[in-house]
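Heads up: the structure comes next, in C-alpha cells.
Letters go in sequence order (proteins before strands), and every chain restarts at 1. Quantities reported herein were computed from a predicted structural model and do not represent experimental measurements. Note: hydrogens, waters and symmetry copies are ignored here, and every other heavy atom, side chains too, is used.
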Protein chains: 2
Amino acid sequence: MNLKELASKLGLSPTTVSRALNGYPEVNEVTRERVMAAAKRHNYLPNARAIRLATGRAMAIGHVITVSTKHEIVNPIFADFIAGAGETYSRMGYDMLLTVVNDADEAAAYRSMKTRGTVDGIIVHAPRTADARIARLHEIGLPFVVHGRATGAPEAYSWLDVNNRRAFQRATEFLLDLGHRRIALINGLEFMDFAIRRRSGYEQALAARGVPIDPTLMRSDEMTETYGHRAALAMLTRPDPPTAFLVSSMIIAIGVRRAIEERGLKLGRDVSVITHDDDLSYLRNGDDVPIFTATRSSVREAGRQAAEMLLDNIANPGHDPQTRMFEAELMVGLSTGPAPTKG
Amino acid sequence: MNLKELASKLGLSPTTVSRALNGYPEVNEVTRERVMAAAKRHNYLPNARAIRLATGRAMAIGHVITVSTKHEIVNPIFADFIAGAGETYSRMGYDMLLTVVNDADEAAAYRSMKTRGTVDGIIVHAPRTADARIARLHEIGLPFVVHGRATGAPEAYSWLDVNNRRAFQRATEFLLDLGHRRIALINGLEFMDFAIRRRSGYEQALAARGVPIDPTLMRSDEMTETYGHRAALAMLTRPDPPTAFLVSSMIIAIGVRRAIEERGLKLGRDVSVITHDDDLSYLRNGDDVPIFTATRSSVREAGRQAAEMLLDNIANPGHDPQTRMFEAELMVGLSTGPAPTKG
DNA sequence: TGAGAAACCCAAAGCGGTTTGGAAATGATT
DNA sequence: AATCATTTCCAAACCGCTTTGGGTTTCTCA
C-alpha cells in the first residue's frame with residue numbers, strides 16, 4: 001500500500017493525501033479526517049526511502065564508535081548513552097545510525113555520511129584534547145554535538161559535559177577533609193579531555209591545601225578492572241602507600257577494591273576510595289547506600305539531552321552553538337572514612 | 001557533485017557512469033577507468049537516499065533494544081555485540097540502525113521498519129522462551145537472525161547461540177569434581193532462554209551425580225552487581241551455606257565476590273565461584289590468569305557472525321534457516337578450589 | 001563484402017514520496 | 001450580478017539514482 005494506491009482508493013490525488021497526512025492547511029478538515037482514517041485502516045506508513053529522497057533529509061542521526069586496532073575496547077558507557085539518545089530519537093521520529101570504524105578512518109566516515117546523505121547530524125563521542133574531528137565536522141558542514149569538550153578547539157561548537165574538574169576537585173577536598181594526604185589518582189587515558197579535566201581538579205584541590213603533588217601517585221590508562229587492580233596493588237605495596245584513591249570509573253574502582261582486599265585491608269577504613277559513577281543501568285552503585293562514595297552523573301540523561309540539542313540545532317540552524325554543563329553529585333557511600341592514624 | 005554532473009563532466013550519460021561505477025560488464029574497461037578516476041578526483045559518492053529508493057533496498061540492518069519501564073536496564077553485553085556486528089556491516093557496506101523501544105512497542109517497531117522500508121533485516125536480541133517476536137517476524141516477512149534461541153518457537157528460524165546448557169553442565173561437574181556438594185546457582189531472569197538452559201545444565205549435572213537439587217540455592221533476577229551481592233550474602237549467612245557459586249555473568253560474580261569478602265571468607269579457598277564470561281572488552285577476566293574460573297564465549301565474535309549470517313540470508317533468500325552453536329571454553333582461574341573439609 | 005554478433009553507449013521510465021504552480025469551486029463584498 | 005479573495009484540490013516536476021529496451025559501432029567470419 002503506497003500513497004498512490006491510497007489516493008486512488010479515496011478518489012483523491014496523491015498531492016492531497018500527502019498534504020492531509022502531513023498537516024498542511026490547504027486541505028478540508030473533513031477530507032483530512034477521511035484520509036487519516038483510511039491510512040490507519042490500511043495501516044499505511046509512508047516509505048521512508050522516498051521521503052528521504054524527496055525531502056533531502058535523512059531523518060537520522062549518526063553515532064560513530066571508534067575501535068582502535070591496538071586496544072580494542074568498547075566504551076562501556078556507550079550502551080547507556082545510546083539508550084538515552086535513542087529515547088529522544090524515537091520520540092522525534094528520527095533513526096539512529098551506528099557506525100563502527102577504526103579510529104584512523106573516522107574522518108572518512110563523517111565525510112561519507114555527509115556526501116552519501118545518510119544522516120542529518122552527528123554526536124561526537126569521547127573527545128580528546130584538541131580533537132581534530134571538530135574542525136573536520138565544521139569543514140564538512142554537518143551539524144554535531146559533542147558529548148564532552150575538547151580544549152583548544154579553534155571554533156565554537158555545541159557540547160554537553162559533566163563538570164569533571166569541579167567534581168574531582170570536590171572529591172579531593174572531601175578526602176582532604178577526612179585527613180587524607182596521600183591521595184592517588186587512577187585516571188583514564190590522559191589524551192581524553194575528561195581525564196585532563198579530572199586531573200586538573202584533583203591537582204588544584206591539593207595545591208589549594210598545600211599538599212604536594214606526587215606524580216608517582218598518578219596513573220593514566222584505559223579504564224578496565226585489571227588496570228585498577230594492578231595500579232592500586234602496585235601503590236599499596238610501596239613503603240609509603242596512599243590512604244585514599246580517586247578513580248575515574250566504577251569499573252576501575254572494582255579493580256581497586258580487589259587490590260585492597262587482596263592486601264588484607266578494609267575498604268572505607270584502611271583505605272578510602274571515591275569513584276566517578278556514570279550511573280550505568282547495569283552497574284548501579286548499590287541500592288540504598290552507595291557502595292562507593294562517588295561523583296555521580298547520569299550518562300543516560302546526557303544521551304537524552306545531547307540528542308535533543310542536536311535535533312534542535314538541526315531544526316533551527318544558524319543559531320549560536322549551545323552548551324550544557326552537568327554538575328556531578330557527590331554521593332557519600334561506604335568506601336570513605338577518616339584517614340587512618342599512624343601507629 | 002551528483003551522478004548527472006559527473007556524467008556531463010565526462011561527456012557520458014548517467015547510465016554509463018552508473019554502470020561503470022557498479023562494475024557492470026557493458027562498459028569499456030578504458031571508459032571505466034576514466035570514470036573511476038573522475039569519481040575519485042571529485043570525491044563523488046552516490047547519494048544513499050537515491051540508491052535506496054531506486055533499488056528498493058535499505059542497505060541497513062535493524063537492532064532493536066528494548067527498555068522496559070519497570071527495570072530499565074540496558075543489557076551490558078549490547079555494546080560489544082554491536083561492535084562486532086558493526087565491523088561486519090562496515091565491511092559489507094551496510095548501515096546499522098538502532099531503535100530503542102519500550103518492550104510493549106517492539107512488534108509495532110518491526111512492522112514500521114518493514115513498511116517504511118528502513119531496514120532489510122533484523123537481529124533479535126535477548127530472546128525469551130517461546131518468544132512471540134519470532135512468529136511476528138515471520139508473519140511480517142522480514143529476514144532475521146536471533147542471538148540466542150527461543151524454545152518452543154513453532155517455525156524454524158536462524159539463530160546463533162552459546163551452548164549454555166553444556167557450559168553450565170561442565171562447570172557444575174568441575175565443581176563436583178572438586179568435592180563441592182552445595183553449589184548455588186545465581187542465574188539471570190528465567191524467562192530468558194539462556195537462563196533456562198543454564199539451569200537445566202546445572203540441574204542435569206547434579207542429578208547425574210545424585211546430588212539433590214536444593215531450590216533454596218537457586219536465584220534468578222536481573223544480572224546486576226547488587227543482585228549478586230545480596231543473593232550471595234543471604235546464602236552465606238545461612239547455617240548451611242553453599243561452598244560454591246555458579247553465576248551467570250561477570251557483573252553478578254563481582255557482587256558475589258564482594259559478599260564473600262564481606263563475610264571474611266577467601267575466594268577460591270573458602271568459597272569457589274564459576275561465572276559465565278562474555279569476554280566483554282571493558283570487563284576482561286584478568287590479564288594472564290583469569291580472576292574467575294569461567295565459561296567463556298566472546299559476544300563480540302557472536303555479533304560479527306550473527307551479522308554475517310543475516311547478510312547471507314538476505315543475499316541468498318529462500319534458503320533453509322542457518323544455525324550456529326558456540327561451545328564455551330572452561331577457563332580455570334583463581335576463584336575455584338577444592339571444597340573445604342568440615343572442621 | 002555483407003550479415004550477424006558483440007561491445008559500447010544512451011534516452012527514458014521507473015522508485016514513492018514532496019512541492020510548485022495553477023485551476024475550479026465556494027464564499028464574501030459591493 | 002459581477003468581482004475578488006479563499007478554500008480546496010490536482011497535474012506535473014522533482015529528488016538522484018538504477019534499469020529496461022533499444023540504437024550505434026565495431027568485430028568476426030563466411
Original post:
Does B/N28 put a side-chain nitrogen or oxygen below 4.0 Å from OP1 or OP2 of C/dC8?
Top reply: yes
Original post:
Who are the side chain to side chain contact (heavy atoms under 4.5 Å, CB included) partners of A/L97, not counting sequence neighbours?
Top reply: A/T118, A/V119, B/D95, B/L97
**OP:** Starting from C1' on C/dC15, measure out to CE on B/M59 and report it in whole angstrom.
**Re:** 16 Å
**OP:** Check for a donor-acceptor pair, side chain of B/Y282 on one end and backbone N or O of B/D80 on the other, with a separation under 3.5 Å.
**Re:** no
**OP:** Just jot down the side chain to side chain contact (heavy atoms under 4.5 Å, CB included) partners of A/N43, sequence neighbours excluded, or say none.
**Re:** none
**OP:** Quick one: list whatever passes ring pair (Phe, Tyr, Trp, His ring centres under 6.0 Å) with B/F144, sequence neighbours left out.
**Re:** B/H138
**OP:** Summarise how protein sits on nucleotides 13-24 of chain D as a single string, 5' to 3': B when a protein heavy atom is under 4.0 Å from the base, S for sugar-phosphate-only contact, - for no contact.
**Re:** --BBBBBBB---
Subject >> d(CG, A/L12; C1', D/dC10) in whole Å >> reply: 10 Å
**OP:** Would you kindly say whether A/T151 and A/D193 are connected by a side-chain donor-acceptor distance under 3.5 Å?
**Re:** yes
Original post:
Do A/T66 and A/N102 have a side chain donor and acceptor closer than 3.5 Å?
Top reply: no
**OP:** Rounded to the nearest angstrom, tell me the gap between atom CZ in A/R32 and atom C1' in D/dT7.
**Re:** 13 Å
Original post:
C/dC8 C1' sits how many Å from B/E33 CD, rounded?
Top reply: 16 Å
Subject >> Side-chain donor-acceptor contact under 3.5 Å, A/S13 with A/T16 >> reply: yes
Original post:
If you fit an axis to the five pairs at each end of the helix from C/dT1-D/dA30 to C/dT30-D/dA1, how big is the angle between those two axes, to 10 degrees?
Top reply: 50°
**OP:** If a pair satisfies ring-ring contact (aromatic ring centres under 6.0 Å, His included) and one of its residues is in residues 35-67 of chain B, list it, with sequence neighbours excluded.
**Re:** B/H63-B/Y89, B/H63-B/H125
